[in-house]
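Working notes, structure below.
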Amino acid sequence: MPRYNPAEIEPRWQRYWEENATFAQQVTAKPEGEKLYALDMFPYPSGDGLHVGHPEGYTATDIVCRAARMQGKAVVHPMGFDAFGLPAEEHAIKTGEHPRVQTEQNIDTFRRQLKSLGFSYDWSREIATTDVDYFRWTQWIFLQIFDTWFDHEQQRGRPIAELVIPDDVKELGEDFARQWVDEQRLAYQSDAPVNWCPALGTVLANEEVIDGKSERGGHPVERRALRQWMMRITAYGDRLENDLEDLDWSHGVKALQRNWIGRSTGAEVDFKIEGREAREAGAFPTKPGPDFIRVYTTRPDTLYGATYMVIAPEHSLVEELTKPENAEAVTAYIQQAGMKSDLDRTELAKEKTGVFTGSYALNPVNGEKVPIWIADYVLATYGTGAIMAVPAHDERDFEFAQQFNIPIKAVVKPADDVPAEEAAKILAGEQVYVAEGVAINSGEFDGLETAQFKEKITESLAARGLAKQAVNYKLRDWLFSRQRFWGEPFPILHELDDAGDKTGHVISVPEDQLPVDLPHLEDFKPHGRAEPPLDKAPDEWLYQEIDGKRYKRETNTMPQWAGSCWYYLRFLDPKNDQAPIDPEIEKAWMPVDLYIGGAEHAVLHLLYARFWHKVLYDRGVVSTPEPFQKLVNQGMILGENNEKMSKSRGNVVNPDDVVSEYGADSLRLYEMFMGPLTDSKPWNMEGVNGVFNFLGRAWRMIVDERAEELQLSEQLTDAEPTEEQLKTLHKTIKAVSEDITKLSFNTAIARMMEFVNFFTKEKTRPRACIEPFVLLLSPYAPHLCEELWYLLGHKETLAYEPWPQHDESVLVESTVEIPVQIGGKVRAKIKVAADADRETIEAAAMAEPKVQEFIAGKNIVKTVVVPGRMVNIVIKS
RNA sequence: GCCGGAGUGGCGGAAUUGGCAGACGCGCUGGAUUCAAAAUCCAGUGAGGGCAACCUCGUGGGGGUUCAAGUCCCCCCUCCGGUACCA
């Protein structure tokens, strides 16, 4: 009984594809035919194995790729592994086994699972970010970034060699100049706080800290400043934002990125501290100097309403501005603020807190004295770390002013559509008004619109050297180092003095000495010092002597993001040992034409990868300004109960189980049939059974299931198709082909089900209809279709058979049935020639007895006829 | 709070971008086949009313535009995702 048996068919075809290297793609500088680079976000190979969420996006790209090959395109469709990560390191700490061991086991599992689903990956391109041959080039790219500074005038990154050191810097000596240069690099060092856990003797990642305690063991965690590597992604803020425009990405993801970059325009304004030296008119200085506090504001038009100032607790002027009589309160406040985590400072802070310094500043527009406060609602890391507070027109300032009884002065007249009662409250300083409007109480500027006022006031202050236009970003520089073992080592050496201490000079490891591999460690247990684990490395690894100078290797490692920032390039040329990618190949194959993955990477991964890409673009390594032309985020697959799948909920579906029960084709087909790719949707095992039945029906449409031996159904003939059969075929070809370009796989499958429903009922099934159908279905259910194709007498894989073309002329209907509405309700249907004109259709409608019945005794107001569509008779009773 | 996405039968979802709401699948009901079951095949299946032909209502709620609204406009509600004192 030759039933549809995926367990037998699928492994056989998987072997065939592997043995014949069916999907290996020659990637050369001159692709044959149009190129298609379709990329999946490569997975982190966790110990849990593949999740049913993975194959959703993977099947989508696979369908696109399989169809594209049949359409004659040159297709690159690779897969690899983002394999550095915390779990493997934790396992290593526990067991003493090298994290590489477990990582490779996990990769083996993932690879096996992926292969069992029949994806048409070119496995000869497989890479893992943990491969030494791979991270050699991750290190190389780091060195490019390290060797780049950002020229703000030209808005691009340039080699350090082209950086001109200003004379005033040069005068300060070689050491200082060198330090200055280092400060300009896109990869630079800085002190940044980390989560140090003394009990565990290690630094923890943010996600390992819960409520100020370590996730493991619940030990206290302190924030401690540590020397770190940073990447100057903020320099590329404008380009990262502007270049989104031309990308074929969803509106939502673009908005997410814009929001994350958070560009705002406004002004920097200097407020003189009371009793200090005034400034002579001139250019706005780069630094405010000791006599001024610099603030950033997006609303310089509200300057007349600034009734106090706030500096962040970490602001450099805190000590200086604090009067002796306020010192005690200030010290207490700062200590308290320092103990709060970032979270406490935001989420919990319903009530505003702050403390007066005792000092005043002078409002530059009117010379009024404004008190200077310290409050933690002002962030040290944004803008200048200080603000002018305008309580009448800013919600936070309003809350604070109410709390501390600070005057609230309205300087923007509420718009006309604000109710009079509210407007009165606003003018009286009893309610906050943040919208734009017309200036009041602003001296000579009264009556100006917000936008105009902003410009005027900035100009006016700029003329006195007290302000300039300024741009700010929410985006922060990227904290690029991790205190971990299982990551890429930095190709950086620190110069040591005679005493063995770091001099502060760093040099890059010469290119020909890459890669810097990870050292051998006896075990992976924390060493208890607040230094990275690599500090445990043997001296041979740790120390180097070059030209008589001793150096110590950088012992931080790179974050997991690093490897995924450029893997899409390496896939095109994975074995190249001269360069990360051959420039000719890069030119021919980039950008990625279709990139599919989870929405969880909509911000960070995509922003980081775009940033690296832009640096590589500036440095001439790549030829396109953007890496991913089209991006699609698949929706989440939920459990049967409509909740997120998770171990704790016990609703996780394992793809292996689905494959063994129904086969890979059914899993693929089901995931595509569930609903639109981008939607979240719940899993339903009955649904898998449904598509499995469909595949069985397709099988029986072609194969005689009742015969003893495997043979084609007797209903399958070489007869000429009937007109109706041809129509069904071409309708299906058209719909399925169009749906693939729209990534609307669920509807394509529905059309193919209709095809099978139709032909199952046909007594004869012409080969001329059935064979194209097998090709149409093959991207979705490749194993079944290869088998059917073979049974139909073809000896070669169908992977490169020409894609069926539909014939529009077959689809033209001679007559159409259209509805006749009376008063907007369908009352009858008429058959008319497809190309009938209005008059003919109207006459036909009027002649219909049903219509007559309905319009009897009524006035016809008008008749709307849409040829080929419908008739609507509007009546009045 | 803000930003993004979504609300259509018992369920997952279709609907040519303003033109017959509910394609396709699941589930359910009935029938054929069978000693029986599984599998398979056929038919029905938005709700309410009617013996029927048919009628009325119906796309989260309320208003509006239109000959015609799931689709466009205004207001509101709910759910999901992201984000959170960014001056």
Side-chain angles (χ1 to χ4, degrees), chain A residues 1 3 250-256 258-260 262-264 266 295-299 302 310 342-343 345-347 349-350 352 375-379 381-390 393-397 399-400 434 472-476 599-600 602-603 633 635-636 638 640 642 644 670 673-676 678-691 693-694 696-697 700 705-706 735 738 744 746-754 756-757 760-761 817-829 850 861-866 868-875:
Chain A
M1 288 291 135
R3 280 214 180 153
S250 75
H251 178 74
V253 175
K254 286 187 185 182
L256 223 53
R258 282 207 187 91
N259 191 8
W260 192 265
R263 182 192 149 101
S264 70
V295 302
Y296 171 73
T297 177
T298 54
R299 292 293 300 272
T302 60
V310 183
D342 289 346
L343 259 167
R345 274 174 72 159
T346 56
E347 265 179 30
K350 287 250 166 63
K352 295 272 180 293
D376 64 6
Y377 80 90
V378 169
L379 308 172
T381 45
Y382 183 78
T384 59
I387 62 159
M388 65 173 206
V390 184
H393 305 292
D394 180 284
E395 275 177 49
R396 296 149 299 178
D397 298 345
E399 272 176 46
F400 190 85
V434 298
N472 252 300
Y473 302 91
K474 284 200 241 178
L475 181 69
R476 301 293 147 81
E600 64 274 22
V603 179
N633 289 127
M636 211 183 320
L638 307 169
E640 303 228 11
N642 241 307
K644 240 183 214 171
Y670 174 64
F673 188 58
M674 290 170 83
T678 52
D679 284 9
S680 288
K681 52 238 157 198
W683 187 269
N684 175 9
M685 237 8 136
E686 301 283 3
V688 186
N689 194 50
V691 296
N693 283 339
F694 160 67
R697 281 162 66 80
R700 287 190 296 278
E705 204 176 65
R706 303 196 178 184
E738 285 175 359
S744 179
N746 54 331
T747 51
I749 294 166
R751 297 293 85 82
M752 291 190 282
M753 287 172 166
E754 284 172 340
V756 170
N757 288 344
T760 297
K761 283 175 194 154
E817 191 187 53
I818 63 170
V820 181
Q821 301 179 346
I822 294 165
K825 283 180 181 144
V826 179
R827 297 300 188 185
K829 288 182 183 183
K850 254 330 295 237
V861 178
K862 77 171 171 183
T863 306
V864 181
V865 180
V866 183
R869 282 248 160 273
M870 45 71 66
V871 178
N872 191 7
I873 301 167
V874 188
I875 52 165

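In what follows, chains are A, B, ... by sequence order, proteins preceding strands, each numbered from 1.
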Output yes when at least one side-chain N/O atom of A:Thr760 is less than 4.0 Å from OP1 or OP2 of B:C41, else no.
-> no
May I ask you to say what A:Leu256 touches in the nucleic acid, namely base, sugar-phosphate or nothing, with a heavy-atom cut-off under 4.0 Å?
-> sugar-phosphate
Indicate whether OP1 or OP2 belonging to B:G12 is found under 4.0 Å from a side-chain N or O atom of A:Lys681.
-> no
Contact class for A:Arg827 vs. all strands (heavy atom < 4.0 Å): base, sugar-phosphate, or nothing?
-> sugar-phosphate
Just call it for A:Glu600: base, sugar-phosphate, or nothing, with non-hydrogen atoms closer than 4.0 Å on any strand.
-> nothing
pair A:Arg697-A:Asn757: side-chain heavy atoms closer than 4.5 Å = yes
Quote, to the nearest angstrom, the C1' distance that separates B:G82 from B:A87.
-> 22 Å
Using a 4.0 Å heavy-atom cut-off across all strands, classify A:Val874 as base, sugar-phosphate, or nothing.
-> sugar-phosphate
When you check the phosphate oxygens OP1 and OP2 of B:U66, does a side-chain N or O of A:Asn872 lie under 4.0 Å from one of them?
-> no
Can a donor-acceptor pair under 3.5 Å be found between the side-chain atoms of A:Arg299 and the base atoms of B:A87?
-> no
State whether A:Asn746 places a side-chain N or O below 4.0 Å from either non-bridging phosphate oxygen (OP1 or OP2) of B:A14.
-> yes
Taking O4'-C1'-N9-C4 for purines and O4'-C1'-N1-C2 for pyrimidines, is B:G9 syn (within 90° of 0) or anti?
-> syn
Using only heavy-atom distances, decide whether a donor-acceptor pair under 3.5 angstrom links the side-chain of A:Lys352 to the base of B:C85.
-> yes
When only distance counts, do a donor and an acceptor, one from the side chain of A:Arg3 and one from the base of B:U40, lie under 3.5 Å apart?
-> no
Indicate, with a heavy-atom threshold strictly under 4.0 Å, whether A:Asn259 touches base, sugar-phosphate, or nothing.
-> nothing
